[in-house]
Amino acid sequence: MRVSVAVSHFLEKHRYEALQLKAVLFDMDGVLFDSMKNHTEAWYEAISDMGIPCTQEEFYQYEGATGKWTINCIFRRVYGREATASEIEEIYIKKSRYFNQLPEAVPMPGAGELLTKVKEAGLIPVLVTGSGQRSLLERLKRVYPGVFSKSHMVTAFDVSHGKPAAEPYLKGLKKAGVFPYQAIVVENAPLGVEAGVAAGIFTVAVNTGPVPTEQLKQANLIYPDMLSFAGDGFDELMEAVSL
Ligand code: MG
């Protein structure tokens, strides 16, 4: 019931006739991998090294954005200016080094099941991540083999304006060759949800981190974790869109 109501609200708002699902656009960190704790720890270490006061929690708020966006956000707050290209490079290299020293993030429980269902339903899985971590992208191929083709991936290297801008998700649609009413977005972060909604795509939030659910309320549907969406959630959605 809740699912079909969410679908009709979405259709009304955008004046779409129907959701004709052809593709599912997946965020990576906090959706396919339980990697956000590692990211926040690596950011915390790299930014603290610069003598800048910060907390590990605040990096959940910047999740989904590119490294450059995050660093500029902190620089504006602390120094009242944007960071230079070399400052950004220095901090991002440090952050990547700390990140790669941490134990490998495990696959998100439920993600494998959801990807299997998506493939079985004949939908195109598309990766849309703000990450530029080559190690995780390699790992994606290893952990979920044969799921994401290279032509169906949007990473930090593909966009000029990352999440919360709509560009990454619009690029994802383009790569899959579909319109906004032919896809859904699966996201866990407030900025990522904002990006999916801005792209005019039905956005499902899975709250896999410590962010208050209130911050995900722009999403069309919210689940407490990936397992609950991968289970009944996805089946109910498929049923609601085929009505
Ligand atoms: Mg995420």
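Indexing begins at 1, ligand by ligand and atom by atom, following the structure's order.
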Task: Side chain to side chain, V206 and E187, heavy atoms closer than 4.5 Å - done: no
Task: Heavy-atom side-chain contact between V143 and F33 under 4.5 Å - done: yes
Open item on the list: Y181: which residues meet the side-chain contact (heavy atoms from CB on, under 4.5 Å) condition with it, sequence neighbours left out?
Closed with: Y16, Q20, F179
TODO: Apply the test side-chain contact (heavy atoms from CB on, under 4.5 Å) to residues E63 and L191: give CA-CA distance (whole Å), side-chain angles for both, the deciding distance (0.1 Å), then the verdict.
DONE: CA-CA 7 Å; E63 184 191 347; L191 295 180; over 6 Å; no
Open item on the list: Show every ring-ring contact (aromatic ring centres under 6.0 Å, His included) that has at least one partner inside residues 78-98, sequence neighbours left out.
Closed with: F75-Y79
- [ ] Determine which pairs satisfy ring-ring contact (aromatic ring centres under 6.0 Å, His included) with at least one residue from residues 189-216, sequence neighbours left out, and list them in order.
- [x] F10-F202
- [ ] Check the Mg ion (ligand 1) and write out every protein N, O or S atom at under 2.8 Å, as residue and atom.
- [x] D27 OD2, D29 O, E63 OE2, N188 OD1
